[in-house]
Amino acid sequence: MATLSSTHCRLHLTCSFSSSSSSSFLQRVTFSSNRFLHTNLSLKSLHQIPQQHASSYFKLQTIITLSAAAATVAPVESDNDNKGLEEKLSSVTSLKESLGEFGFEKDENESIVSVTVVGASGDLAKKKIFPALFALYYEGCLPKNFTIYGYARSKMTDADLRNMVSKTLTCRIDKRENCNEKMDEFLKRCFYHSGQYDSQENFAALDKKLKEHEGGRISNRLYYLSIPPNIFIDAVKCASLSASSANGWTRVIVEKPFGRDSESSAALTKSLKQYLTEDQIFRIDHYLGKELVENLSVLRFSNLIFEPLWTRQYIRNVQLIFSEDFGTEGRGGYFDHYGIIRDIMQNHLLQILALFAMETPVSLDAEDIRNEKVKVLRSMRPIRLEDVVIGQYKSHTRGGVTYPAYTDDKTVPNDSLTPTFAAAALFIDNARWDGVPFLMKAGKALHNKGAEIRVQFRHVPGNLYNRNIGTDLDRATNELVIRVQPDEAIYLKINNKVPGLGMRLDRSKLNLHYAARYSTEIPDAYERLLLDAIEGERRLFIRSDELDAAWSLFTPVLKELEEKRIIPEYYPYGSRGPVGAHYLAARYNVRWGDLGVDIDQ
């Protein structure tokens, strides 16, 4: 006697309007031995239902509801139960047949995603974007139907692009056995089209090629603008007018910088919105895609021990530190136009600060999270010039090797005052953070490379062990460190008794070292952000009002620095940066947390 009691059966129906409408819905019916039937109907927009089917929409809902109810499955114990199951399965078949009445047809391959990398011959595309797309393909995260196009002014063939891209592709450590096969399959999906960024005719030719690959399916198109900001608008205009999807979505990823100040940023946003809606614009800040940055909200909102401490009553200061151990290395021309404050602090570090300091959002919906971030930015006190220290690295000889000064870069003017280092004290004037200094520090050509968040807690009032700690109370302060990169980790510094008969205290660490705890390789930030853009998830992208609030905070002090031609403090290549940064911290009774050596224990 046959039994189906352990059967786990899934029936997937993907249905779309047979008309040219871009709306589609997905109907899933799941049978399992746990007696539950799950059915989900989602419509992109009721307004997009063809007029001839609108009157039948409620009838369709009724059919789905009744069929789902009839198909509820119980454990099978006899042949009679098997017969009952067959009858219930037939009701789902009736559901499928009923869909035809409304002009739906089953087609699991109805849509295709076309990703076009504009500026495909540039370093960012070669080193980050194409490898990230391949990683997504390798992990099975891309849709079954997808095409990747490179677009640039350089004259190349499809074979030239594939050869260029193949040199930067790598496979995940745990799945290398089919690496070459996956690479070949991926490269077959990559094509190239040469054209000018301001030519609608060239983009129309690209559109024609995309349509050939799309083969009449619903086309969803993602454009990644890996080009200089001065040609953003030309490319967006041409892509929007000549190469938008006719029956699906069109989205555009825009790389920083988003202007140089409030005025230029607002002008850029206004120009973009002449051709795109806000929902089509994905302003990317790759630091928001870092694993430890995304984990911030999880750490805080899903662990009871942290949320009560996340306030001025317990936190003495918060430090956001970014350092690179190399200089501009040929990028001086670009960097000199922006400087370290615009390049790192106004976007990367400020975005991390907003995520760290925001109130609990209503939900994990993108708009709810971004609403809370905007509130933080608008609550911030204007930055005073005296709360900012700037520096510029100079030549230095160490170990017989001479390292160049910033102005030794041939693309940088000899009299440049552009800062390669900056430190600032920021304050949030709200009930949670009133009076707590948020110290930012970012620089190039420093002694190490890294990015971290340091949360220093207040001293223990009336500490019974002050005699054992000594006079340096800062060394006994609890500190939570979130190391964003490299060698990702989260650790909490605590005071602990050293084993033995005496009473000697030691500062130890409760350490979550990602490489030791998790065997899975951490995805690159671009992988996460590209996947989010394809799926329409905007949580890690920057909204226009968020951008306005960020620039409003930094624009006044940037203008003051430039108008007064403030001379940066010079620091040796490979040092810890200008001495002025330490005086700034000391003014608020703070010691930079990265001055000591953290040893994993």
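As a basis for the values below, the full set of heavy atoms in this structure was taken, side chains included, without hydrogen atoms, waters or symmetry mates.
Taking the six-membered ring where the residue is Trp, Tyr573 and Tyr393 present perpendicular rings, their angle passing 60° and hence far from 30°. Ring orientation note: the planes of Phe438 and Phe356 are nearly perpendicular, at an angle over 60° on the 30°/60° scale. Under the 30°/60° scheme for interplanar angles, the aromatic rings of Tyr137 and Phe186 are found to be tilted. Aromatic ring orientation, Trp310 versus Phe306: perpendicular (interplanar angle above 60°, classes split at 30° and 60°).
Summarising the local packing, CZ of Phe301 is surrounded by more than 12 heavy atoms from other residues, nucleotides or ligands at distances under 6.0 Å. Annotation: Lys128, atom NZ; neighbour count of heavy atoms from other residues, nucleotides and ligands within 6.0 Å does not exceed 12. For CZ of Arg458, the number of neighbouring non-hydrogen atoms (other residues, nucleotides, ligands) closer than 6.0 Å is greater than 12.
The nearest pair of heavy atoms linking Glu479 to Gly593 is OE2-CA, 4.0 Å. Considering all non-hydrogen atoms of both residues, Gln319 and Asn317 come closest at NE2-OD1, 3.2 Å. In plain terms, the two heavy atoms of Arg543 and Arg370 that are nearest each other are N-NH1, 3.8 Å. For the residue pair Thr420 and Gln392, the shortest heavy atom distance occurs at OG1-CA, 3.2 Å. Nearest heavy atom pair, residue Glu546 against residue Gln351, reads OE2-OE1, 2.9 Å. Residues Ile369 and Leu355 share a closest heavy-atom pair of CG2-CD2, 4.4 Å.
Side-chain contact, His459 with Thr477: a donor N or O sits under 3.5 Å from an acceptor N or O. Checking Asn430 against Ser379 by side-chain atom types alone, no donor-acceptor pair falls below 3.5 Å. No hydrogens or angles considered: nothing links the side chains of Ser363 and Asp365 as a donor-acceptor pair under 3.5 Å. Remark: the Lys290 side chain and the Gln485 side chain contain an N/O donor-acceptor pair separated by less than 3.5 Å.
Interatomic distance, CD1 of Ile253 versus CG of Leu529, reported as 7.5 Å (0.5 Å rounding). The CG atom of Leu222 sits 8.0 Å away from the CZ atom of Arg251 when rounded to the nearest 0.5 Å.
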Next on the checklist: Set out, in order, the CA-CA distance, both residues' side-chain angles and the distance that settles side chain to side chain donor-acceptor pair (under 3.5 Å) for Tyr224 and Glu255, then state yes or no.
Outcome noted: CA-CA 8 Å; Tyr224 196 119; Glu255 269 280 355; 2.6 Å; yes
Next on the checklist: Pair Arg342, Asn347 - check side chain to side chain donor-acceptor pair (under 3.5 Å), show working.
Outcome noted: CA-CA 7 Å; Arg342 292 182 176 93; Asn347 41 69; over 6 Å; no
Item to check | side chain to side chain donor-acceptor pair (under 3.5 Å) evaluation trace for Thr397 with Thr402 | outcome: CA-CA 4 Å; Thr397 301; Thr402 300; 3.1 Å; yes
Checklist entry - How far apart are the C-alpha atoms of Tyr514 and Asp487, what are their side-chain angles, what is the distance that settles it, and do they pass the side chain to side chain donor-acceptor pair (under 3.5 Å) test? => result CA-CA 7 Å; Tyr514 271 57; Asp487 201 24; over 6 Å; no
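Salt bridge status for Lys559 with Glu562: absent, with no side-chain N to carboxylate O gap under 4.0 Å. Taking the charged nitrogens against the carboxylate oxygens, Lys375 and Glu359 have no contact shorter than 4.0 Å, which rules out a salt bridge. Between Glu488 and Arg483 there is no salt bridge, since no side-chain nitrogen of the basic residue lies less than 4.0 Å from a carboxylate oxygen of the acidic one. A salt bridge links Arg432 to Glu307: at least one charged side-chain nitrogen sits closer than 4.0 Å to a carboxylate oxygen.
With respect to Pro419, the side-chain contact (heavy atoms from CB on, under 4.5 Å) criterion is satisfied by exactly one of Asp343, Ile566, Ile340, Val388: Ile340.
You'll find the ring centres of Tyr526 and His286 inside the 6.0 Å limit. Residues Tyr314 and Phe457 place their aromatic rings such that the two centres sit no closer than 6.0 Å. For Tyr334 and Tyr338, the gap between ring centers is short of 6.0 Å.
In this structure, the side chains of Glu452 and Asp594 come closer than 4.5 Å at one or more pairs of heavy atoms.
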